[in-house]
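Each residue takes its place number in the sequence, starting with 1.
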Amino acid sequence: MRLSFVLFALAACSSPSPVTPDGARARPDSPRAPDAAGDAPSRDAPPAADLACLGQAPPSTAPDPLALDGKVFGVDHYALSPFAGAVVTLHRRSDDAVLVTSLPSGTDGTYELAAATGGDALDAYFTITATGMLPVRVDPGDPLTTGYYALAVVAASDEVARWYADAGAAYSSDARTLISVAVDCDEAAIDGATVAIAPSAQVTYYDSAASRWNPAATSSTNGFALVTGGAATESATVGWLGTTFPAHAATAPAGTVTLAVASPHATATD
């Protein structure tokens with residue numbers, strides 16, 4: 001897995017740093033990583049998604065060690081800029097044990113991690129801590145295999161409160177904020193995706209044209225959905241043009257922003 005994602009689709013004029021709008025990946029070979037928000041695909045004809053792996057088990061092997069580097073961005077009024085001083089930690093999912101921790105991110109937001117695998121895919125998740133920002137949990141959904149270049153984000157409580165206000169939801173300091181990210185087998189975010197959450201919670205989709213969470217939207221333009229008022233553990237089931245993905249469970253701690261990827265792969269319980 002080689003995945004990088006940006007939380008919001010931004011017009012170039014709104015962001016103080018170059019970012020990749022509307023794409024789950026920031027690789028130059030991505031067919032769905034347009035250079036500007038104006039290049040976003042038409043809502044009438046969502047681009048094709050690679051669903052060849054639908055319902056199949058994810059890959060089970062990984063190089064040893066596994067390079068897990070990336071970049072942290074801070075979000076302010078939906079605009080992104082590189083964030084220095086964030087610490088990224090990789091945790092084993094089964095017992096939350098710390099596997100490796102980065103040095104603080106540099107002035108350009110970059111960090112580096114390398115994890116021992118023994119040749120097996122890592123069933124793990126990331127946490128991000130930064131002064132003045134809410135703690136972040138990043139759940140890649142599938143076990144980590146060929147690397148994970150994550151454009152992670154951190155945000156202060158007033159920014160997250162802004163998201164809630166745009167979504168028409170009430171924010172509190174102990175809110176369980178979950179952002180579900182629908183991706184295809186090529187780790188590209190899926191335009192036109194919907195998500196069903198269990199137990200039931202409010203779902204608000206991201207609208208690239210409005211550059212904000214839009215409670216009137218019936219699907220996401222970049223695969224992202226904001227889940228508010230949810231439980232400690234939620235199950236996300238993605239839908240796209242009549243196709244239903246296997247459900248992916250995610251833990252959403254109180255007072256934390258959780259980004260959880262939902263892929264077409266089967267989960268360990270399927």
Side-chain angles (χ1 to χ4, degrees), residues 3 5-8 24 72-75 86-99 122-130 133-144 148 150-183 189 193-206 213 215 220 222-239 245-263 265 267-270:
L3 170 66
F5 56 83
V6 175
L7 180 55
F8 303 115
V72 179
F73 285 88
V75 187
V87 174
V88 180
T89 301
L90 182 69
H91 302 258
R92 187 165 51 225
R93 189 186 303 277
S94 61
D95 59 5
D96 301 314
V98 172
L99 299 177
L122 286 178
D123 192 13
Y125 64 91
F126 299 86
T127 58
I128 308 171
T129 56
M133 301 292 182
L134 290 173
V136 173
R137 178 181 173 114
V138 181
D139 188 335
D142 296 339
L144 300 169
Y148 190 88
L151 292 172
V153 296
V154 291
S157 58
D158 59 348
E159 176 66 15
V160 177
R162 183 174 298 113
W163 305 347
Y164 274 65
D166 287 345
Y171 175 72
S172 63
S173 60
D174 61 348
R176 301 181 187 276
T177 303
L178 172 65
I179 297 172
S180 177
V181 189
V183 302
T194 61
V195 63
I197 299 294
S200 180
Q202 178 177 325
V203 175
T204 306
Y205 296 108
Y206 190 77
W213 303 108
S220 172
N222 67 349
F224 287 77
L226 174 66
V227 179
T228 54
T233 301
E234 293 284 0
S235 179
T237 302
V238 170
F245 289 15
H248 282 258
T251 298
T256 297
V257 177
T258 299
L259 296 96
V261 177
S263 82
H265 283 121
T267 63
T269 57
D270 290 336

Quick check against the 3.5 Å criterion: does R92 have a side-chain atom that pairs as donor or acceptor with the backbone of A124? no
To the nearest 0.5 Å, atom OG1 of T204 lies from atom CH2 of W163 at 12.5 Å
Within the structure provided, determine whether L122 and P143 are in side-chain contact (heavy-atom separation under 4.5 Å). no
Closest non-hydrogen atoms of A170 and Y164, given as atom of the first, atom of the second and distance, are O-CD2, 3.3 Å
Note: A250 and A260 closest approach over all heavy atoms is CB-CB, 3.6 Å
Is the positively charged end of R137 above the ring of F126, judged by distance under 6.0 angstrom from the centroid and angle within 45° of the axis?
no
| request: Would you mind reporting whether P215 and Y205 have side-chain heavy atoms less than 4.5 Å apart? | output: no
Across all chains, not counting sequence neighbours, the side-chain hydrogen bond (donor to acceptor under 3.5 Å, both in side chains) partners of R93 are D123, D139
Task: Intermediate values then yes/no, side chain to side chain contact (heavy atoms under 4.5 Å, CB included), D142 and V261 - done: CA-CA 8 Å; D142 296 339; V261 177; over 6 Å; no
Before giving the answer on side chain to side chain contact (heavy atoms under 4.5 Å, CB included), spell out for I128 and V138 the whole-Å C-alpha distance, their side-chain angles and the decisive distance to 0.1 Å. CA-CA 8 Å; I128 308 171; V138 181; 4.1 Å; yes
Heavy-atom side-chain proximity of H248 to S235 below 4.5 angstrom | no
d(T256 OG1, L178 CG) to nearest 0.5 Å is 11.5 Å
Note: A193 and A182 closest approach over all heavy atoms is CB-CB, 3.7 Å
Sequence neighbours excluded, the answer for side-chain hydrogen bond (donor to acceptor under 3.5 Å, both in side chains) partners of T89 is T101
Residues A225 and V195: closest non-hydrogen pair is CB-CG1, 3.6 Å
When rounded to the nearest 0.5 Å, the distance separating CD of E159 from OH of Y171 is 11.0 Å
Is there a side-chain contact between L134 and V154, using heavy atoms and a 4.5 Å cut-off? no
In short, E234 meets A201 closest at the heavy-atom pair OE2-CB, 4.1 Å
Test side chain to side chain contact (heavy atoms under 4.5 Å, CB included), reference Y125, set D96, T258, L144, output is D96
**Item:** Stepwise side chain to side chain contact (heavy atoms under 4.5 Å, CB included) check, V88 with V72
**Value:** CA-CA 9 Å; V88 180; V72 179; 4.1 Å; yes
The residue among T127, I179, L259 that forms side chain to side chain contact (heavy atoms under 4.5 Å, CB included) with V136 is L259
